[in-house]
Amino acid sequence: MKQLFKALNMIRLCDSKSFWLRIFYVLVMNVLPLMNLYILKFLVDSVTTGTAPVFMGIEMTTFTTLGIFCGIFLLNRVVNVMNGVNNDIMQQKLIDYISERMQGQSAKLDMAYFDNPEYHDTYHRAQQEASYRPIQILNGFMNLLGSLISITIIVAMLTQVSGWIIVVMVAAVVPSFIVRVIKARQIYAFRRNNTQNYRRTSYYTALLGGRDYAKEMRTFGLAPHFRAQFVEIRKRLVKDLVRISRKLGWYDAICATVETAALFFVTLFLILSTKDGDITVGSFVMLFEAFRRGQTQLTGLVSSITGLYDNRLFVGNLFEFLDLQPSITNAPDAKPFPKKVSRVEFRDITFRYPKMQRDVLSHFNLTARAGEVTQIEGENGFGKTTLLKLLLRLYDTDQGAVLIDGVDVRKYDLKGLRRGIGAIFQDYVRFYCTAEENIAFGDVEHYDHERVRYVAELAGVDKYIERLPKGFDTPLGRMFDGGEELSMGQWQRIALARQLYSNAPVLIFDEPTAWMDVPSRDRFYQTLEMMKQEGKVIILIKHV
C-alpha cells in the first residue's frame, strides 16, 4: 500500500485542486443514481396502484415524482461531464509532471548508470508506464470509494427483504477476486522478466525507422535481418501472453457462471415474494435493480482492488527509477572553480568501468600546463577519452587523483567544474536546433549574440552558416521542417564553435579534426595557437 499512497500523493502534488474535485465528483456520481433508484420505486408504485407516493412525509403527484427523477438524472449527467473535463486536465498535467521528474532524474544520474543494462531495464519499465499508471491508481481509488458508497446504500436497501441476499451477492464475486489477483501477479512477472526483450524490439524499431541508421541499413541490406529479429521476439512474447490469458480465461468463465447462478436464484426469490404480496411491484423493481447494481459494484470493487494491486506492482518501477541516487555529488564544502587555471595533473590514475574485467588506465600520470598544447596519443582502447571523462567527473577514479591547480577535482563545485572545462567529444552531439543555439549551448546561461558570431569565425564555420536560408536562425538537420543538413566536417566545426563559446580556462579536444579537410585543419591549428596565447590549458587527444 505504501507505493499506492506515494502515487496518490504524487497526483495530489501535481494538481491539488483537480485532485479534490475528482473526489467530490465521485461521491456525487455514486449517490445520485441510487437516489433515483429509490425515486423509481415510488414512481412505479404510483402507476401500478394509482395512489400518490409519499416521500419524506410529503405527498407527491406522479408528474412531480417523474420531474424529480429526471432532474436527478440530468444532474448526474452534468456532473459526469464536469468530471470528464477535470479528469482530462489532471491526466495531461500528470503526464507532464512525471515526464519532468523522470527527465530531472536522468539528468542528475552518473554516467555509470548509462553503462549498466540494469539501469536501462529500470528506465524502460518506468518510461513505458509512467504516463498512465499513476492516473490508473487514482481511478482505482476513486472507483473503490464509489463502489463502497454504492454498496453501503444497496446493502441498506436489500436488508429490508433478507440478509442472505447480501451473503449470496458477496460470495458470488470471491472467485473472481482470486482469479484477478493471480492474473495480475503473472502478467507483472512476465513483463518484468521480459524487459530486455521489450527493449530489443524498441531498438529494432529505431533501427528500421531512424534517420541515423537509414544509410547503413540500406547499404548493407540489413532491414530483413532486423525485421526477422523483431518478428521472432514479438511472436514469443505474444505466444506466452496468449498462453497465460487462455489459462485464466477458463477460470473467468467459471466465475461468470457462479455470478449468473446467484442472479437467477435471487431474482426468483424476489418474484415469489412479489407474487405472495410480501413486497410491491415498485419494491421488486428497486430490489432487483439494487441487487443487479450490487453485483456490478462488487465486481467493480474487485476490479478496483485487483487493479490497484496490479498498478502497485507496476508503479513500483517508476519509484524504483526515481529513487536511484547519483554517487558523484558535490562535497559538503565544495570549492568554486577558478577563473584561470595554470595546471591539470593526472596523478597515478587507475580506473576501470563498472562490471569490466580489466583496467582501462593503470597508474597513469600526466601534467598539462597553461599556454601549452599537451598531446595524448595512443591506439584505440588506450584510455584517452576516459581521461576526459575523469577530468569532467563523469566518473571518479578508482585510485589516484585528478588535480586542477593542486586541488582534487572532487573538492570543486561540480557544476562549476564542468563549466570550467570546454570539451569536444569524438562522438559530439548534433543538436537539431538552430545554428545559433547549437553554438550558444556552450554556455547556455550566458547568451551573447556577438560571441556566437566570433567563435563561429574562429571555428571556420561562419561562412557556411551565413549561406544557409536563414543564416544563424536556420534549424540544422532534417529532423524538423525547414532544417538544413550539414556535412560531417561542418557539424564538427559547429561542435568546435560550441566548445570555444564556453570560454573555459581548460580546453580538451578529442580527435577534433577527424572530419575536417586540409584548409579547415589549418584553421583549427591557428585557433589552437590563439587559445594557447590566451593562457588556456589545452589537451589534444589524437589516435595513432
Side-chain angles (χ1 to χ4, degrees), residues 103-114 325-349 351 364-374 376 385-425 428-429 437 439-452 454-455 458 495-510 528 530-541:
Q103 290 166 4
Q105 176 72 349
S106 296
K108 77 176 186 179
L109 292 177
D110 309 332
M111 280 294 297
Y113 280 106
F114 294 87
Q325 295 297 323
S327 60
I328 296 178
T329 57
N330 270 337
D333 54 347
K335 298 177 179 292
F337 194 80
K339 293 183 178 181
K340 286 287 185 181
V341 173
S342 60
R343 186 176 78 259
V344 172
E345 181 182 358
F346 296 90
R347 183 182 296 173
D348 196 32
I349 299 294
F351 174 77
F364 179 85
N365 291 277
L366 176 74
T367 299
R369 293 179 174 81
E372 299 177 359
V373 176
T374 303
I376 304 175
T385 302
T386 301
L387 291 171
L388 170 54
K389 295 176 183 178
L390 294 175
L391 180 58
L392 286 163
R393 281 202 76 198
L394 300 178
Y395 296 88
D396 278 337
T397 61
D398 296 327
Q399 295 179 28
V402 181
L403 307 173
I404 294 179
D405 285 347
V407 178
D408 193 317
V409 293
R410 286 169 287 200
K411 295 182 179 179
Y412 283 118
D413 172 72
L414 190 57
K415 183 178 179 181
L417 170 73
R418 291 173 179 170
R419 285 186 58 183
I421 299 171
I424 178 171
F425 293 91
Y428 55 86
V429 175
E437 288 173 318
I439 295 172
F441 286 157
D443 187 357
V444 72
E445 294 182 5
H446 301 90
Y447 174 72
D448 185 338
H449 178 82
E450 295 303 321
R451 182 163 180 78
V452 169
Y454 172 68
V455 296
L458 285 181
L496 174 60
R498 181 163 59 243
Q499 180 199 28
L500 296 175
Y501 182 84
S502 69
N503 200 26
V506 179
L507 298 175
I508 303 184
F509 303 89
D510 189 357
L528 208 62
M530 184 184 302
M531 295 298 103
K532 189 171 71 170
Q533 297 292 330
E534 292 181 5
K536 308 277 190 185
V537 175
I538 301 171
I539 299 176
L540 181 61
I541 296 174

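If you're wondering where the values come from, they're calculated on a predicted model, not measured in any experiment.
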| Which residues pass the side-chain contact (heavy atoms from CB on, under 4.5 Å) test with Gln105, sequence neighbours left out? |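 With sequence neighbours excluded, Gln105 shows a side-chain contact (heavy atoms from CB on, under 4.5 Å) to Lys108, Leu109, Phe321, Leu322, Leu324, given in chain and number order.
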
Quick one: list whatever passes side-chain hydrogen bond (donor to acceptor under 3.5 Å, both in side chains) with [X], sequence neighbours left out.
{"X": "Lys532", "result": "Glu529"}
{"X": "Glu345", "result": "Arg347"}
{"X": "Ser502", "result": "none"}

| Closest heavy-atom contact between Ile541 and Ile508? |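 Shortest heavy-atom separation between Ile541 and Ile508 comes out as CD1-CG2, 4.2 Å.
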
| request: Heavy atoms only: give me the nearest Arg343-Val537 pair and the separation to one decimal. | output: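 So the minimum-distance heavy-atom pair works out to N-CG2, 4.4 Å.
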
| query | Is the number of heavy atoms from other residues, nucleotides or ligands under 6.0 Å of Lys411 NZ greater than 12? | reply |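 Open: at most 12 neighbouring heavy atoms sit under 6.0 Å from NZ of Lys411.
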
| said: When you measure from the side chain of Gln499 to the backbone of Gly422, do you find a donor-acceptor pair of N or O atoms at a distance under 3.5 Å? | reply: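 Answer holds: yes.
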
For a quick test of your reading: what N or O donor-acceptor pairs under 3.5 Å do the side chains of residues 325-340 make, sequence neighbours left out?
from: Ser327; atom 1: OG; to: Asp110; atom 2: OD2; distance (Å): 2.5
from: Asn330; atom 1: OD1; to: Leu414; atom 2: N; distance (Å): 2.5
from: Asn330; atom 1: ND2; to: Asp413; atom 2: OD1; distance (Å): 3.1

| query | Considering residues at least two apart in sequence or located in another chain, which fulfil the salt bridge (charged side-chain N to carboxylate O under 4.0 Å, His left out) criterion with Arg419? | reply |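 Partners of Arg419 by the salt bridge (charged side-chain N to carboxylate O under 4.0 Å, His left out) criterion, ordered by chain and then number, come out as Asp443, Glu445.
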
| task | Report the C-alpha distance between Tyr501 and Asp448 in whole Å, list the side-chain angles of each, state the deciding distance to 0.1 Å, and finish with yes or no for side chain to side chain contact (heavy atoms under 4.5 Å, CB included). | result | CA-CA 9 Å; Tyr501 182 84; Asp448 185 338; 3.8 Å; yes

Name the atoms and distances for all side-chain donor-acceptor pairs under 3.5 Å in residues 364-371, with sequence neighbours left out.
from: Asn365; atom 1: OD1; to: Asp348; atom 2: N; distance (Å): 2.7
from: Asn365; atom 1: ND2; to: His363; atom 2: O; distance (Å): 3.3

| field | salt bridge (charged side-chain N to carboxylate O under 4.0 Å, His left out) contacts in which one or both residues fall within residues 391-409, not counting sequence neighbours | value |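 Qualifying pairs: Arg393-Asp396, Asp408-Arg410.
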
| For Tyr454, which residues count as a ring pair (Phe, Tyr, Trp, His ring centres under 6.0 Å) partner, sequence neighbours excluded? |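 Ring pair (Phe, Tyr, Trp, His ring centres under 6.0 Å) list for Tyr454, sorted by chain: empty.
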
